[in-house]
Every structure is written in C-alpha cells, then in structure tokens.
Amino acid sequence: MNTFFITTPIYYVNARPHLGHAYTTVVADAMARYHKLAGQDTLFLTGTDEHGDKIVQAAEKEGKSPKEFVDGISARFQALWPRLDVANDRFVRTTDPTHVASVQSFLQKVYDAGDIYFGEFGGHYCYGCERFYTEKELENGLCPQHLSKPEFISEKNYFFRMSKYLPWLKEHIEQNPTFIRPERYRTEVLSMLESGALEDLCISRPKSRLTWGIELPFDKDYVCYVWFDALINYISALGWPDGADFERYWPGEHLVAKDILKPHAVFWPTMLKSAGLPQYRHLNVHGYWLVRDTKMSKSLGNVVEPEEMAQRFGADAFRYFLLREMHFGSDASFSDEALVGRINADLANDLGNLFSRVLSMTAKYFGSRVPAPKQFDEADKAIEDLCATAMRNFSQLFGNVQFAQGLESLWELVRALNKYVDSQAPWALHKQGNMERLATVMYVLLAAMRKTALCLWPVMPVACGKMLEQLGQPVQETLPPVPVLEEEMGSLDGLVPGTGVAEASNLFPRIEVKKDPAVAEKAKAAKAQAKAEKNAARQQKGDGGKPVEPCASGDDAAVSGRPNIDFDHFKALDMRVGTVLVAEKHPNADRILRLEIDFGEGQPRQILSGLAEHYAPEAMVGKRVCAVLNLEPRKIRGLMSHGMVLTAGDGNSLTLLALDGNMPDGSEIA
Ligand code: MSP
C-alpha cells in the first residue's frame with residue numbers, strides 16, 4: 001500500500017516550545033500534507049519526551065511532582081500546534097501506558113536476543129545532556145554543551161551491544177544514499193562510524209539514582225535510559241508489537257535537527273536491527289535556526305515564541321517564511337526584518353497582488369465569472385508549459401526535502417503570471433473591444449492561479465483554502481484526497497467557465513514596519529557621514545588615480561554621488577553566482593570571514609569578506625551569493641582573497657545580495 005509516515009522528535013518538556021520546535025513540526029506538517037496531496041495514505045506523529053533527570057530537576061524547581069509538571073508542559077505543546085495550523089494525526093507521550101508497555105516489550109526482545117548485558121561502568125555524567133562523556137570528549141574537564149563540570153559516576157548498568165551492529169550500519173548507509181539526508185549529515189555519520197569511537201550503549205539507570213523512567217522488564221531495580229525509551233516512540237505510537245498501524249505505516253521517515261543526529265543515525269537503526277525490525281526509510285536532518293546569527297537561548301533573552309509570530313504575522317505567512325528561508329540542512333538566521341521582508345516581497349507583492357489584480361479585472365470585465373477561453377497563442381502556451389514545469393519541479397523538490405527550492409520554482413510561475421498580466425495588458429484588450437483575447441488571457445491567469453493555490457496547501461493551508469474559495473472552488477471537495485498533484489500537472493484545465501469568483505482579494509496585506517525614530521536617525525547620520533567621507537576621499541584621490549569621464553547628465557551623478565562609468569567599464573566586471581561551501585572566522589581579523597565558494601569552476605574559490613559582524617560562519621554555509629571575481633587578488637592579514645562578495649548596507653547593517661531565482665553556480669550577473 002502507498003503509505004507515508006512522518007515523525008518529529010518528541011520534545012523535552014523542560015522548556016516551552018520555541019522557534020526550533022515550531023520549525024521541525026511545521027516542516028513535518030507540510031511534508032504530511034504534500035504526501036496527502038500526492039494521494040498517499042499519510043500518518044503524522046509528534047509528541048513529548050517526558051522521562052529523565054532533567055524533567056525531575058525542572059519539576060522540583062517549580063515545586064511540582066514530575067507527572068504534574070510534564071502534564072502542564074505537554075499540554076502547551078499540544079495547544080500550540082493547531083495555532084500554527086499543524087494537523088498531526090497522533091501525539092505520543094512517553095508517560096502513556098501504551099508507550100511504556102511497548103518499550104518493555106522492545107527491551108525484552110533485545111534482551112532475549114542476547115544483545116543486552118550487565119556490566120560495570122564509570123564515566124563523567126552531565127545531567128543537562130543526560131549522558132556520559134569520556135575523558136576525551138570533555139573540554140577542559142567541562143561538558144562541551146553546558147560548560148559545567150560533570151559528575152563522575154561509577155555504577156553497574158545494563159548495556160546494549162551496539163558495537164555488534166556498527167559494521168552492518170556502515171554498509172547499510174553506504175548502500176542507501178538517501179537513508180540519511182542531506183549528504184553532509186550522511187558523511188558525518190560515516191566518519192563517526194569510521195572513527196572507531198563508538199562503543200556499546202549504556203541503557204539503564206539504577207533506581208537508587210533515578211526513579212522517573214520505565215522499569216526494565218528483566219530487573220526492577222533499574223529504569224531505562226531516556227534515549228532508548230524515547231526512540232521507541234516512533235513505533236509505540238503505531239501500537240507495536242501488535243497494532244495494525246505498525247503493519248500499515250512502518251517503515252516511516254524521521255525529521256530531526258543536527259543536534260540529535262547520533263541517536264537517530266546510530267542508536268535507533270542498531271536498535272531496530274537487534275529487534276529484527278525493518279529500518280526507517282529516511283532520516284531527514286535540518287540545520288539550526290539562529291536569531292540574528294546568534295544562538296537562541298533563554299539567557300540571551302532572544303528566544304522566538306512561535307505563538308507570538310503566528311499572532312503578529314499570521315500562521316500562513318510564518319509557515320511560508322520558515323519553509324522558504326531555511327535551506328534544508330543548513331543553518332538559517334531569524335529576524336523580524338527577514339520575516340517582514342519575505343512577507344512583503346513574496347506574499348504581498350507577488351502572490352497577493354496577482355490575486356488582487358486578476359480578480360478585480362475579472363469582476364470588471366466578466367462580472368466575476370470565469371470566461372471561456374479561445375485558441376491559446378504562443379504567450380498562453382508558454383504560461384501553460386511553465387505552469388506544468390513549475391508544478392513538476394515544486395513537487396520533485398518538495399518530495400526531496402528541498403522546500404526552499406521548491407517554493408522558489410513555484411514563485412517563478414507567480415512572477416511570470418504577473419509579467420503576463422503586464423505584457424498582455426487586459427485593460428488595453430478591453431479598450432480595443434477584443435473580448436475573445438481578453439477572455440483567454442483572464443482564463444489562463446485564473447486557471448494557473450488555481451494550480452498555484454493547490455501546490456501551496458502543504459505550506460499555507462488556510463490561505464490556500466481562501467485562494468480556492470476566491471476562485472469559486474468548493475474547498476471541501478477540492479482539497480485532499482481529491483486532487484492528486486500528478487494529475488494537475490498537465491494542461492491549464494480544472495476551471496469550469498461560468499464559475500463565480502470573488503470580486504476582490506486582499507490575502508496578504510503589506511506590513512509597514514514602524515522604525516524606531518532613534519535608530520532611523522542614527523542610521524541616517526551614519527549614512528550621510530559615510531557618503532561625505534567617500535566623496536572627500538574620491539575628490540582627493542581622483543578615484544584611485546584612474547580618470548573617469550564626467551557623466552553627461554549632472555542629475556544622475558547627484559543621485560548616487562558618483563560619476564557615471566561607460567558600458568565597457570561595467571562589462572569588464574566578471575560577476576557570478578556561487579554557493580558558500582566553507583565559512584570560518586579569519587584567524588587574524590575579527591570582522592572578516594574566510595569563505596570558500598563554488599562558482600562552478602571545478603574547485604572552490606577563497607574570498608575574504610567583512611561579514612563577520614553580520615553573519616555567523618555556520619549561517620553562511622549553503623548560502624547563494626553574488627560576487628565580483630576579477631578583482632585584483634589581495635592579501636588580507638596573511639590570507640589571499642580572490643574576489644569580493646556583493647552586499648547591501650546602510651552604514652549600520654549589512655545583508656548579502658539575494659538572488660531572485662534558482663540559477664546554477666557560475667551563472668553570470670549582468
Ligand atoms: N527529546 C529529544 C528528542 C527525542 S526524539 C526520540 C530532544 N528534545 S528537544 O526538545 O531538545 O528537541 C530537539 C529538537 O528540537 C531538534 O532536533 C529540532 O527538531 C528542534 N530544535 C530545537 N532547537 C532548534 C533550533 N534552534 N533550530 C532548529 N530546530 C531546533 O532532543
């Protein structure tokens with residue numbers, strides 16, 4: 001049977017849900033909806049991880065019993081998801097009696113297979129991470145995550161013979177290139193396996209130290225290690241060992257961030273192998289959301305609350321931003337400005353504007369009824385082709401967890417539709433009384449808008465419903481399981497002439513950002529000063545000694561403050577698009593990042609760029625950049641730079657020049 005089962009990590013209940021949790025869960029929701037749209041029998045699972053020392057400590061702090069405490073926070077997670085239009089089918093809690101029974105069956109099975117043994121173990125235990133560290137893993141004797149001193153604990157415990165399955169795991173990953181994706185995480189796991197540092201896994205905690213956990217079925221003095229317990233949620237929620245849903249939906253695929261790669265890529269597959277169960281299909285690993293390029297943390301006071309975002313900007317727009325802004329696998333940076341920028345550019349200007357202008361013209365010229373098209377001309381056929389291609393690309397990329405790229409290919413269609421309005425000029429056709437041509441143009445637009453709206457259901461479910469309603473589509477009948485995406489990718493059909501459509505549309509109003517006057521004033525002053533300094537320097541130096549012809553129009557020069565250059569000078573610039581492969585701080589210059597960028601030249605090019613105060617190195621990896629390549633190479637503090645990355649700045653802040661489309665590395669900028 002054609003099924004699709006997707007899971008998120010089950011979140012710890014020692015903290016409130018934040019942007020990171022929201023991202024993973026929104027992505028899982030979008031994946032589930034996409035697969036439903038593709039006609040698959042889909043199940044989407046999320047939940048909460050409620051055992052372990054951390055929880056006991058957090059409960060104690062609030063003067064609550066662990067159960068009271070976990071009930072409260074788990075409820076917060078459950079309440080959040082509908083506010084982000086997340087429609088999970090199941091919610092698993094590790095304190096559910098069915099989960100507990102499932103974990104005990106699993107433990108017994110692995111024990112009976114001879115893969116669990118009792119042994120003595122001493123290690124440095126970090127309560128924050130809930131794990132033991134070896135001497136080597138500590139940094140100056142401290143836990144590398146929490147920078148706190150772990151406690152040395154020596155005790156008898158149960159161990160899972162993980163090492164027995166590591167050679168098999170390596171082979172499995174090598175033979176299944178998309179078992180762990182994107183590739184960079186697959187490589188990371190393979191080198192983890194090759195390093196030889198992985199050993200057997202300690203899977204118990206003595207009750208003398210911790211009681212808040214699942215009792216081992218073969219020793220009542222011990223509880224199960226929280227990770228061993230938690231991973232089993234993915235099958236306990238399907239009723240394993242006896243539930244019919246396990247038969248129906250397993251194997252599924254998982255979605256996690258890079259922080260929990262090891263338990264999912266090493267512990268879980270070996271656990272499944274030992275229990276004789278089939279492996280998951282894919283482990284989809286994403287990067288981290290930073291906030292203004294800084295790690296999000298309670299102590300820095302920069303934690304982004306998803307609920308607040310949905311209230312301020314709307315759940316649809318927030319979801320769109322999350323999926324569009326993060327390139328799956330790489331880190332991304334969150335800021336209100338980036339969010340508002342995307343909403344205004346992509347949703348208000350491109351998509352919202354398309355709906356608004358086309359529907360108001362349909363009202364004006366055809367009394368808000370879909371007109372019957374006549375023969376398609378070249379321009380109409382080009383839109384029909386583009387629509388099919390954009391949908392196919394969107395679908396393929398989305399299915400491949402490349403959400404940002406999938407949306408970008410759909411936006412190529414949205415932007416082309418806006419251009420088609422401009423080039424076909426329905427108002428002129430109306431003026432000329434050319435009603436046949438006008439009917440065809442309006443039909444093409446409305447039909448392509450319907451297809452676009454359908455594709456967007458996984459990303460913006462509520463807005464998609466509104467768009468379809470505005471196009472006169474009975475939403476209950478239109479949305480899954482009825483339209484199977486594949487069947488919609490052909491010709492521009494699907495709209496019945498005569499259907500009534502909305503008279504107007506205001507889907508995504510532009511967001512006006514009120515600037516803090518003090519900040520704006522400072523920025524203005526800094527800009528003026530920078531400009532004055534530049535002009536003075538230019539006058540003094542005659543612009544680097546190279547004579548530049550004064551411009552013909554004095555006005556043009558006054559706007560930019562710089563003289564015109566002739567076309568040949570401009571043509572001499574070799575500007576290209578590239579992807580950042582490596583980014584790190586310059587060892588001798590605080591403000592400079594050392595980048596290795598792929599411009600399709602066969603090997604990456606090193607460019608040094610003054611971006612360090614604006615972008616964290618990890619946020620740069622995977623970014624598409626525009627750069628000038630034929631600048632004279634320069635040595636900056638001991639390192640060579642072979643080009644310059646283009647940025648836009650106002651004296652205070654700096655941003656990379658973004659591409660408005662998906663062009664291959666090495667594409668020329670002109
Ligand atoms: N309880 C374990 C998971 C057990 S799964 C069997 C756990 N919980 S957690 O609450 O810490 O959640 C970690 C997950 O939250 C990450 O893998 C990711 O899905 C999400 N995120 C938390 N912070 C994040 C960011 N800053 N950015 C993106 N996602 C991150 O680990």
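Basis for what follows: all heavy atoms, side chains included, without hydrogens, waters or symmetry-related copies. We count ligands from 1, going down the list as the structure has it; atoms in each ligand are counted the same way.
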>> As a test of reading the model: which residues have a non-hydrogen atom less than 4.0 Å away from ligand 1?
In response: Pro9, Ile10, Tyr11, Tyr12, His18, Gly20, His21, Thr24, Asp49, Trp227, Ala230, Leu231, Asn233, Tyr234, Ala257, Asp259, Ile260, His264, His286, Gly287, Tyr288, Trp289, Met296
> Going by distance alone, is a donor N or O of one side chain under 3.5 Å from an acceptor N or O of the other, for Ser102 and Ser236?
Replying inline: no
> Who passes ring-ring contact (aromatic ring centres under 6.0 Å, His included) against His35, sequence neighbours left out?
Replying inline: Phe4
>> According to ring-ring contact (aromatic ring centres under 6.0 Å, His included), who are the partners of Phe132, at least two apart in sequence or on a separate chain?
In response: Phe121, Tyr125
>> A cation-pi test, strictly: NZ or CZ of Arg161 under 6.0 Å from the centre of the six-membered ring of Tyr165 and no more than 45 degrees from its axis. Yes or no?
In response: no
Extract all donor-acceptor atom pairs below 3.5 Å that involve side chains of residues 319-327 and protein atoms in other chains or at least two apart in sequence.
residue, atom, partner, partner atom, Å
Arg319, NE, Val459, O, 2.8
Arg319, NH1, Asp29, OD2, 2.9
Arg319, NH1, Leu84, O, 2.9
Arg319, NH1, Asp85, O, 3.1
Arg319, NH2, Asp29, OD2, 2.7
Arg319, NH2, Pro458, O, 2.9
Tyr320, OH, Asp346, OD2, 2.7
Arg324, NH2, Glu408, OE1, 2.8
Glu325, OE1, Arg342, NE, 2.8

> Which of these, Glu305, Glu307, Glu308, sits in a salt bridge (Lys or Arg N to Asp or Glu O under 4.0 Å) with Arg83?
Replying inline: Glu307
